[in-house]
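Side-chain atoms are counted along with the backbone in the values below, which use heavy atoms only and exclude waters and symmetry mates. Just so you know, residue 1 is the first one in the sequence shown, and it goes up from there.
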Amino acid sequence: MRIVENGDRFELHIFSSITDNNVSVNGKCYNYKRLVIPNVLMEYFWEKKSPLEYVYLYFQDDSIFLSVEKLHDIKYSKRRIIQVGKKNSFFINLNERSLLKHGVTVGSNVLFVVGGESKLNDSDCISIELRFCVGE
């Protein structure tokens, strides 16, 4: 985690891992990417919405944003929050085929860029942009 100056504002950059998750259901194998959500973000989400079951990935221009708010008129993907056993570790599953439709390639890491201004229209939440790292 680090603070980065971007023009006249500051951003908090948080790296997290993405792992492969293979699931077999009724003889069919499905491949998902498992994105770990850092605890500092989960604590923020819980303050905004309790109980928290889902987060939303929003696709706006060339950017992907993460929010707990359901916004209208913006293409989104609803993702269930999953807890690892009783540990304080949470993740969401990403469907690679769905992301490829938006031109997004998923690698083994993601950078969460937390900014003070919201880039999503009508959002009360801070802006949390996801930048997928490919080849790292």
Side-chain angles (χ1 to χ4, degrees):
M1 204 170 13
R2 65 185 179 148
I3 297 174
V4 176
E5 187 175 356
N6 185 359
D8 60 346
R9 66 186 201 129
F10 291 94
E11 298 173 337
L12 178 63
H13 287 194
I14 306 168
F15 281 94
S16 187
S17 63
I18 298 175
T19 58
D20 288 321
N21 183 31
N22 296 310
V23 179
S24 293
V25 177
N26 296 330
K28 290 187 178 182
C29 187
Y30 300 94
N31 183 27
Y32 292 93
K33 294 286 188 175
R34 182 177 282 181
L35 183 149
V36 176
I37 299 178
N39 288 333
V40 66
L41 294 180
M42 288 303 300
E43 290 172 12
Y44 172 74
F45 291 156
W46 285 323
E47 288 176 13
K48 284 291 186 185
K49 185 172 183 168
S50 182
L52 178 64
E53 292 183 56
Y54 297 95
V55 293
Y56 300 91
L57 295 177
Y58 288 96
F59 303 92
Q60 189 175 43
D61 300 325
D62 292 335
S63 300
I64 300 173
F65 297 96
L66 181 67
S67 179
V68 294
E69 296 176 299
K70 184 174 182 180
L71 303 174
H72 302 285
D73 301 328
I74 301 175
K75 182 75 174 173
Y76 69 89
S77 175
K78 183 178 176 181
R79 303 279 88 199
R80 179 180 290 282
I81 295 285
I82 303 169
Q83 184 174 8
V84 178
K86 294 188 180 201
K87 296 180 182 179
N88 196 20
S89 184
F90 298 87
F91 65 90
I92 59 175
N93 284 326
L94 301 173
N95 184 330
E96 281 188 281
R97 279 190 286 184
S98 174
L99 292 173
L100 284 173
K101 288 179 187 176
H102 295 280
V104 177
T105 303
V106 179
S108 59
N109 294 302
V110 66
L111 171 64
F112 292 90
V113 179
V114 182
E117 299 174 1
S118 177
K119 293 184 182 178
L120 293 177
N121 297 331
D122 302 325
S123 175
D124 293 331
C125 283
I126 60 173
S127 168
I128 301 175
E129 183 178 357
L130 282 81
R131 296 181 188 161
F132 293 98
C133 308
V134 179
E136 294 183 21

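- Side-chain atoms of Tyr44 and Val114, non-hydrogen and from C-beta on, never get closer than 4.5 Å to each other.
- Note that the CZ atom of Phe132 and the CD1 atom of Ile64 stand 5.0 Å from one another [nearest 0.5 Å].
- Here the straight-line distance linking atom CD1 of Ile74 with atom CZ of Phe59 works out to 12.0 Å at 0.5 Å rounding.
- Looking at every heavy atom in both residues, Ile14 comes nearest to Pro38 through CG2-CG, 3.5 Å.
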After noting the C-alpha distance and the side-chain angles of Leu94 and Ile92, does the key distance pass the side-chain contact (heavy atoms from CB on, under 4.5 Å) rule? CA-CA 6 Å; Leu94 301 173; Ile92 59 175; 4.1 Å; yes
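- Under the 4.5 Å side-chain contact rule for hydrophobic residues, Val55 and Ile82 do not share a cluster.
- With a 6.0 Å radius and a threshold of 12 heavy atoms from other residues, nucleotides or ligands, Asn22 has its CG atom above the threshold.
- A continuous path of ILVMFWY side-chain contacts below 4.5 Å connects Met1 to Ile37, so both sit in one hydrophobic cluster.
- Rounding to the nearest 0.5 angstrom, the gap separating the CZ atom in Arg79 from the OH atom in Tyr32 is 7.5 Å.
- The cluster map of Ile, Leu, Val, Met, Phe, Trp and Tyr, joined by side-chain heavy atoms under 4.5 Å apart, puts Ile128 and Trp46 in the same cluster.
- Hydrophobic clustering (side-chain heavy atoms under 4.5 Å, transitive across Ile, Leu, Val, Met, Phe, Trp, Tyr) keeps Val36 apart from Val106.
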Would Leu66 and Phe45 count as a side-chain contact (heavy atoms from CB on, under 4.5 Å) here? Give the steps. CA-CA 10 Å; Leu66 181 67; Phe45 291 156; 3.7 Å; yes
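- In this structure, OH on Tyr58 lies 15.5 Å from CD on Glu129, to the nearest 0.5 angstrom.
- Between Phe65 and Ser67, every side-chain heavy-atom pair lies at or beyond the 4.5 Å cut-off.
- In this structure, the side chain of Glu43 does not engage the main chain of Glu47 through any donor-acceptor pair within 3.5 Å.
- Taken to the nearest 0.5 Å, the CG atom of Leu35 stands 5.5 Å off from the OG atom of Ser16.
- The two residues Phe112 and Leu41 have their closest heavy-atom pair at CD2-CD1, 3.5 Å.
- Residue pairs meeting the salt bridge (Lys or Arg N to Asp or Glu O under 4.0 Å) criterion with at least one partner in residues 15-37, sequence neighbours excluded, are Asp20-Lys33.
- The distance from atom CD of Glu5 to atom CD of Glu11, rounded to the nearest 0.5 Å, is 10.5 Å.
- Residues Phe90 and Asn39 have side chains in contact (heavy-atom distance under 4.5 Å, counting atoms from C-beta outward).
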Going through the distances and angles, do Met42 and Leu52 end up as a side-chain contact (heavy atoms from CB on, under 4.5 Å)? CA-CA 9 Å; Met42 288 303 300; Leu52 178 64; 3.9 Å; yes
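- Under a hydrophobic clustering in which Ile, Leu, Val, Met, Phe, Trp and Tyr are joined whenever their side-chain heavy atoms come within less than 4.5 Å, directly or via other members, Val104 and Ile18 fall into the same cluster.
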Take Tyr76 and Leu71, measure what side-chain contact (heavy atoms from CB on, under 4.5 Å) needs, and give me the verdict at the end. CA-CA 8 Å; Tyr76 69 89; Leu71 303 174; over 6 Å; no
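- Considering every non-hydrogen atom in both His13 and Leu111, the closest pair reads CB-CD1, 3.6 Å.
- For Asn109 against Ser17, the heavy-atom pair with the smallest separation is OD1-CA, 4.0 Å.
- Under the 4.5 Å side-chain criterion, counting only non-hydrogen atoms from C-beta, Glu69 is not in contact with Tyr56.
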